A.B. asks: 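Have a look at the structure that comes next, please.
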Amino acid sequence: MSNVVAALDIGSSKVCIIIAEMKNKQFNVLGVGTSECKGVKKGIIVDIDSTVEAINSALKQAEHMSNKKIKSVFVNIPGGYTNLYKTKGVIAVSRDDKEITKEDVNRVLEAAKVVAIPQDKEIIDIIPEQYIVDGYDEIRDPIGMVGVRLEVDANLIVASCTTVQNIIRSIQKAGLACDGIILEPLATSSVVLSDDEKELGVALIDVGAETTDISVFRKGSLIFTKVIPVGGNHITNDISIICKITSTDAEKIKRQYGVATSNLIRNNDIIKINSIGGKSEKEVYLKDIAEIMEARISEMLYLVRKELEDRNLYNSISAGVVITGGGLFNIKGIQDVAQSSFELPVRFGYPNYIGVANPIYSASAGTAFYALKEKRTSTVELSHSVPKKEEDSHFEDYVEDDSSSKRNILDKIKDFFADFF
Ligand SMILES: Nc1ncnc2c1ncn2[C@@H]1O[C@H](COP(=O)(O)OP(=O)(O)OP(=O)(O)O)[C@@H](O)[C@H]1O
Ligand SMILES: [Mg+2]
């Protein structure tokens, strides 16, 4: 049986749409579309019209590549712009034979959501940390167990209403419906981290263009998420300002000659670049580029480590640090520099699937993977080709979803989270 979803990642440098399917437990990427976006600053939408334009352009590419027509998308929300609140729910098990059902689990999660949150915030998700059945704790899945009293310790994910509404508005203005909002660290971790790492304790660092998302997982659950406003574009800007060259040239130099430590440049090699205005040529020493990059990269790594230490999380990440996102991607020597900065094992993670095997796709591919893993069905429909017999029933699902897409978007999101667990 096949199941198709479309996932949207609205990043500071690009909007990305991925169409993917889960077929015979295998995750396949069918289409990828990316478009540069000027409407997002530090991970937050600041200009809806340019964001919509970028969504439409990415959409066209992904639809063309996959030969599918998209009606709706799952979208992620950056972890740092949400708050995690510890919460607790308690219920009495409903069945006479005291077997715990999915309904009981939904009820206990609903009970855990009954907390006072600020007026300008809304609950977007709840992540169970552990269930407790008649006093026995550390239970991951209580369904099928027998007990009288079911409790849950959970993290409530709360986001600013404005952030959520701007995401939804942009999707709607692009002519799409929103299937659901997925917390970015949960999405990214689903394609980048192993279960063992999440269990042991790991810091997932997504270094993007303008933001670095720090998330910590322990005992299989997300326990911390924060965004700091630095990313790969800061490296580019430093090169551009100090060398007095355009940011386009600075970006090219960073990608082609970039190193994380000046120790790697042992000669006086020079590159020639057009100066701003393009009237003359400038000579730039690679050693200077290396020093600029080294300074910014070590500051970024220091800020991440300090955040982990200040939150008393540094000692609980036995599996070390996993870095993803494009910001520190492919920079020569980065692995060693990061490892000595954190004094912990460091690896670089990316979605290991054909078509998206690059850390710039971690959040978008993760959103699609997470939605499919949680067995969501979206409203993608085959556009040009006639569906094969096997796909007919799946096609009907989309038609059903299409009628529901006319409902109020908040109702749809509410439903999405209601049947989440
Ligand atoms: N090959 C490369 N070498 C060095 N840096 C790169 C490379 N490819 C991309 N980058 C940098 O990665 C950054 C973009 O990363 P990414 O696509 O993960 O960001 P984003 O998701 O758009 O932004 P954010 O997560 O901050 O909202 C840019 O700063 C870009 O310069
Ligand atoms: Mg990103």
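From a predicted model like this one, the values you see are computed outputs, not experimental measurements. In each ligand, atom 1 is the first atom listed, and ligand 1 is the first ligand listed.
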A.B. asks: With respect to Gly327, determine whether any N or O atom, backbone or side chain, lies less than 3.5 Å from an N or O atom of ligand 1.
C.D. replies: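 For ligand 1, there is an N or O atom that lies under 3.5 Å from one belonging to Gly327.
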A.B. asks: Nearest protein heavy-atom contact for atom 17 (O) of ligand 1: which residue, which atom, what distance?
C.D. replies: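 Looking at atom 17 (O) of ligand 1, the protein heavy atom closest to it is Lys14 NZ, 2.8 Å.
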A.B. asks: Hey, which atoms in ligand 1 end up nearer than 4.0 Å to a heavy atom of Glu251?
C.D. replies: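 This gives 30 (C), 31 (O) as the contact atoms.
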A.B. asks: Which of the atoms in ligand 1, numbered in the order shown and given with their element, are less than 4.0 Å from a heavy-atom of Gly325?
C.D. replies: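 Every atom of ligand 1 under 4.0 Å from some heavy atom of Gly325: 18 (O).
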A.B. asks: With only distance considered, is Gly11 within less than 3.5 Å of ligand 1 through an N or O on each side?
C.D. replies: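 No; every N/O pair is 3.5 Å or more apart.
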A.B. asks: Quick one: which of Ala363, Pro359, Ser13 has a heavy atom closest to atom 20 (P) of ligand 1?
C.D. replies: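 Heavy atom nearest to atom 20 (P) of ligand 1 belongs to Ser13.
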A.B. asks: Between Glu307 and Lys226, does any NZ, NE, NH1 or NH2 come within less than 4.0 Å of an OD or OE carboxylate oxygen?
C.D. replies: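 Glu307 and Lys226: salt-bridged.
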A.B. asks: For ligand 1, which atoms sit closer than 4.0 Å to a heavy atom of Phe329?
C.D. replies: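 Here the atoms of ligand 1 in question are 1 (N), 2 (C), 3 (N), 4 (C), 5 (N).
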A.B. asks: Hey, looking at atom 19 (O) of ligand 1, which of Ala250, Gly231, Ala209 has the closest heavy atom?
C.D. replies: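 Among Ala250, Gly231, Ala209, the closest heavy atom to atom 19 (O) of ligand 1 belongs to Ala209.
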A.B. asks: Quick check: are there more than 12 heavy atoms from other residues, nucleotides or ligands sitting under 6.0 Å from CG of Asp195?
C.D. replies: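 No, not enclosed.
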A.B. asks: Should we count NZ of Lys60 as having more than 12 external heavy atoms under 6.0 Å?
C.D. replies: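 Open: at most 12 neighbouring heavy atoms sit under 6.0 Å from NZ of Lys60.
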A.B. asks: With side-chain contact (heavy atoms from CB on, under 4.5 Å) as the test, would you mind laying out the steps for Ile289 and Val284 before giving the verdict?
C.D. replies: CA-CA 8 Å; Ile289 302 284; Val284 178; 3.6 Å; yes
A.B. asks: May I ask you to say whether Lys287 pairs ionically with Glu291, meaning some side-chain N is under 4.0 Å from a carboxylate O?
C.D. replies: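 So Lys287 does not pair with Glu291 through a salt bridge.
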A.B. asks: Report the nearest protein non-hydrogen atom to atom 11 (C) of ligand 1: residue, atom name, distance rounded to 0.1 Å.
C.D. replies: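 Answer, as residue, atom name and distance: Gly326 O, 3.3 Å.
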A.B. asks: Mark up the atoms of ligand 1 that fall under 4.0 Å of a heavy atom belonging to Thr211, in ascending order.
C.D. replies: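 So the atoms of ligand 1 that pass are 24 (P), 25 (O), 26 (O), 27 (O).
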A.B. asks: With a 4.0 Å heavy-atom cut-off (strictly under), which part of Lys42 contacts ligand 1: side chain, backbone, both or neither?
C.D. replies: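 It is neither; nothing of Lys42 touches ligand 1.
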A.B. asks: What residue and atom, counting heavy atoms only, is the protein's closest point to atom 9 (C) of ligand 1, and at what distance?
C.D. replies: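 Nearest protein contact, heavy atoms only, for atom 9 (C) of ligand 1 is Arg255 NH2, 3.3 Å.
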A.B. asks: Taking distance alone, with N or O pairs closer than 3.5 Å, would you say Gly208 contacts ligand 1?
C.D. replies: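 Checking ligand 1 against Gly208, no N or O pair falls under 3.5 Å apart.
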A.B. asks: Heavy-atom contacts with Glu210 under 4.0 Å: which atoms of ligand 1 show up? List them by number with element.
C.D. replies: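 Contacts of ligand 1 toward Glu210, numbered from 1: 26 (O).
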A.B. asks: Salt bridge check, Glu53 against Lys173: does any charged N sit closer than 4.0 Å to a carboxylate O?
C.D. replies: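 Between Glu53 and Lys173 there is no salt bridge, as every charged N stays at least 4.0 Å from the carboxylate O atoms.
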A.B. asks: Show me which atoms of ligand 1 lie under 4.0 Å from any heavy atom of Ile360.
C.D. replies: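 Checking each atom against Ile360, I get 17 (O).
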A.B. asks: Distance only, no hydrogens: is a donor on one side chain within 3.5 Å (strictly under) of an acceptor on the other, for Ser72 and Asp179?
C.D. replies: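 Judged by distance alone, the side chains do pair up.
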A.B. asks: Using a 4.0 Å cut-off to any heavy atom of Asn233, which atoms of ligand 1 qualify?
C.D. replies: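 Atoms satisfying the 4.0 Å criterion: 28 (C), 29 (O).
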A.B. asks: Determine, for Tyr131 and Arg140, whether the Lys NZ or Arg CZ falls below 6.0 Å from the six-membered ring centre while staying within 45 degrees of the axis.
C.D. replies: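 No, cation not above the ring by the 6.0 Å, 45° rule.
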A.B. asks: Hey, are Glu129 and Asn155 close enough side-chain-wise for a donor-acceptor pair under 3.5 Å?
C.D. replies: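 Yes, side-chain donor-acceptor contact under 3.5 Å.
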A.B. asks: Report, as yes or no, whether the 6.0 Å neighbourhood of atom CZ on Arg107 holds more than 12 heavy atoms from other residues, nucleotides or ligands.
C.D. replies: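 Yes - once you tally the heavy atoms of other residues, nucleotides and ligands closer than 6.0 Å, there are more than 12.
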